Protein chains: 2
Amino acid sequence: MEMEQEKGLKRLILDTARQLLTTTGYAQLSMRNIANKIGYSATSIYLYFESKDDLVHELIDEGVDLLHARLTEADSTATSPDGRLLAMCREYVSFGMERPEYYEIMYVLHPEYIKRYPAEKYRKARRILEVIASAIEDGIDSGVFEESDSMLAANIAWTQLHGVVTLLTSERVDKRIDPNILIDSACSHFVDSLRRTTSTTPQNN
Amino acid sequence: MEMEQEKGLKRLILDTARQLLTTTGYAQLSMRNIANKIGYSATSIYLYFESKDDLVHELIDEGVDLLHARLTEADSTATSPDGRLLAMCREYVSFGMERPEYYEIMYVLHPEYIKRYPAEKYRKARRILEVIASAIEDGIDSGVFEESDSMLAANIAWTQLHGVVTLLTSERVDKRIDPNILIDSACSHFVDSLRRTTSTTPQNN
DNA sequence: CCTTATGGTTAACAGTGTTAACCTAATGTA
DNA sequence: TACATTAGGTTAACACTGTTAACCATAAGG
C-alpha cells in the first residue's frame, strides 16, 4: 500500500505528462502545466524526477517500446523478405505520422537531449534499427537483396524513413505532393535499391 | 546618409544574429544576447523586426540563398546526368553538415515557425527542390533514369538527404557507422533507384 | 519523548519573447 | 522664433520557462 502511494504520484505525473504531450504537444509540456493538472506544485515533480530531461526520457522510452512493438508486429504479418521490409518501412512512417508528439521527443528534439540520454535506454532504442537490419539480412540470405552490410543498409532505410516523417509532419513538403504517394514511393525506391547490384559509380567529368 | 543609418542598425542586428547563430547555436540566439553584443537594448530590435520569427526568417532566407548557390554550383561541375544528381546530393548533405545552425533554422525548427513563414520566401525556398528536380528531369530526358514524376522523385531525394543530415548532426546514428560511408551509400542508393524500372511491388502474403 | 525522515510547499533566480509607457533629440511647419 | 510631430531608443513590466533553497507539517523509529 505504501509502495503504491510512493510510486503512485510518479505514475500519475508520467500519465499526465503523456496525456499533455499527445493532446497539446511538446511545446506545452511544462513542469507547471503538469503539476497544475494534478493539483500539485511544480517542484514536487523533482521529488520523483531528477529533471525535465529525466521525465522526457521516460516518455521516450514508452515511445520506443510502442514503435518497436509495431515494427515487430508488421514484421510478422508479411512473409516474403522484400514484403517484410516494405511493411516495416510503411509501419515506421505510420507511427511517425500518427504519433508526431512521440516521434518528436524520440528523434527530433535537440541533440542536447540525446547527449544526456542514459546508455541503457540508448541500447533499447537501437533495437529498432536491429529489427530493420534483421529483415534486410533475411533478404540477403534468401538471395533477394544484394548488399554486403545489413546494418549500413538499415541505417540508410532509417534516414530515408526519418526524412519522410519529419518533412511531412512539419508540413514542409509542397501541398501538391500527395503524402501517401510520397511515402509509398520512398519505401519502394529504397527496397528496390536493395534488389539489384548497387554502387555503380557514375562518371564525374 | 540617413538611409544608411536607418537600415544600418537593422543590418548590424542581422549580422550579429548570424554570427551568434553560427558560433553559439540557435539555443543561444536570444533578443537580449543579440542586443548586448551591439550595446543596444533588447526592445530596440523590435523597431526593425516585427518579432523574433521575423528576424529568424531573414536568416533562413540567407541560408536558402547559400544552399541554392552551392547546389547550382555543384550542378554545373558534373556533366553526366547521374553524375550531376549525385554531386548535388552530396553537396546538399555537405551543406547540412558544415552549417548545422543554418540547416536547423531552415529545416528542423518547429512547424510553428514554418506556418508563419511568408509566402514569398516560401517560394524562394522551393527553388532548391526545383534544382534537384531539373537534374532528375535531365536524366529522364537522356534516358538514364526511368521515372515519370520528376518532382516526386526530387521530394524522395530530399527526404533521403534530409534524413541523413538530421540524424547525423543530431548524433543519433551509431558511432560504428562511418558517416562518410553512410552519406555516400545513401546518395548512391537513391540515384541507383532511379536508374532502372521501379515500383516492383512485392507480394504481401 | 525526542529525533529523523517523508512528502510536500512557497519564494526566488536567471532566463525567455513581447508590450506599454516614456524620454530625448531632430525635424517640419506656422 | 515657437510649437508640434516624429524617429529612435530606453526602462519597467508581464507571463512564461526549468530549477534551487528554504521551510513546514506529519509520520515513523529509537
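Source: prediction; values computed, not measured. Just so we're on the same page: letters track the sequence lines, and every chain starts at 1.
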Can you find a donor-acceptor pair, distance only, under 3.5 Å between A/Thr43 side chain and C/dT10 base?
yes
Give the rounded distance in Å between these two atoms: CG of A/Leu55 and P of D/dG18.
10 Å
Would you call A/Leu14 and A/Tyr48 a side-chain contact if the rule is heavy atoms closer than 4.5 Å?
no
Give the rounded distance in Å between these two atoms: CE of A/Met31 and P of C/dG8.
15 Å
N/O donor-acceptor pairs under 3.5 Å from side chains in residues 37-44 of chain B, not counting sequence neighbours:
unit_1	atom_1	unit_2	atom_2	d
B/Ser41	OG	B/Thr43	OG1	3.2
B/Ser44	OG	B/Ser41	O	2.5

What is the separation between atom CD1 on B/Ile45 and atom C1' on C/dT19, rounded to the nearest whole Å?
15 Å
Testing the 3.5 Å rule here: is there a donor-acceptor pair between the side chains of A/Tyr26 and A/Tyr102?
no
Assert: residue with more 5' nearest nucleotide on DNA chain D, out of A/Glu50 and A/Ala27, is A/Ala27
How would you list, by chain and number, every residue that makes a ring-ring contact (aromatic ring centres under 6.0 Å, His included) with B/Phe49, sequence neighbours excluded?
none
What is the distance, rounded to the nearest whole Å, between atom NZ of B/Lys52 and atom C1' of C/dG15?
12 Å
Tell whether A/Ser44 reaches the base of C/dT9 with its side chain through a donor-acceptor pair below 3.5 angstrom.
no
Which whole-number value in Å describes the distance from A/Gln28 CD to D/dT17 P?
8 Å
Would you kindly give the OH-to-P distance between A/Tyr46 and D/dG18, to the nearest whole Å?
7 Å
With a 4.5 Å heavy-atom cut-off, do B/Trp158 and B/Tyr107 have their side chains touching?
yes
Using only heavy-atom distances, determine whether the side chains of B/His189 and B/Gln160 contain a donor-acceptor pair under 3.5 Å.
no
Between B/Tyr122 and B/His57, do the side chains contain an N or O donor and an N or O acceptor separated by less than 3.5 Å?
no
Round to the nearest Å and state the distance from A/Phe49 atom CZ to D/dT20 atom P.
16 Å
From NZ of A/Lys10 across to P of C/dG7 the rounded distance in Å is 13 Å
So which of residues 32-42 of chain A are in contact with DNA chain D, with a heavy-atom cut-off of under 4.0 Å?
A/Arg32, A/Asn33
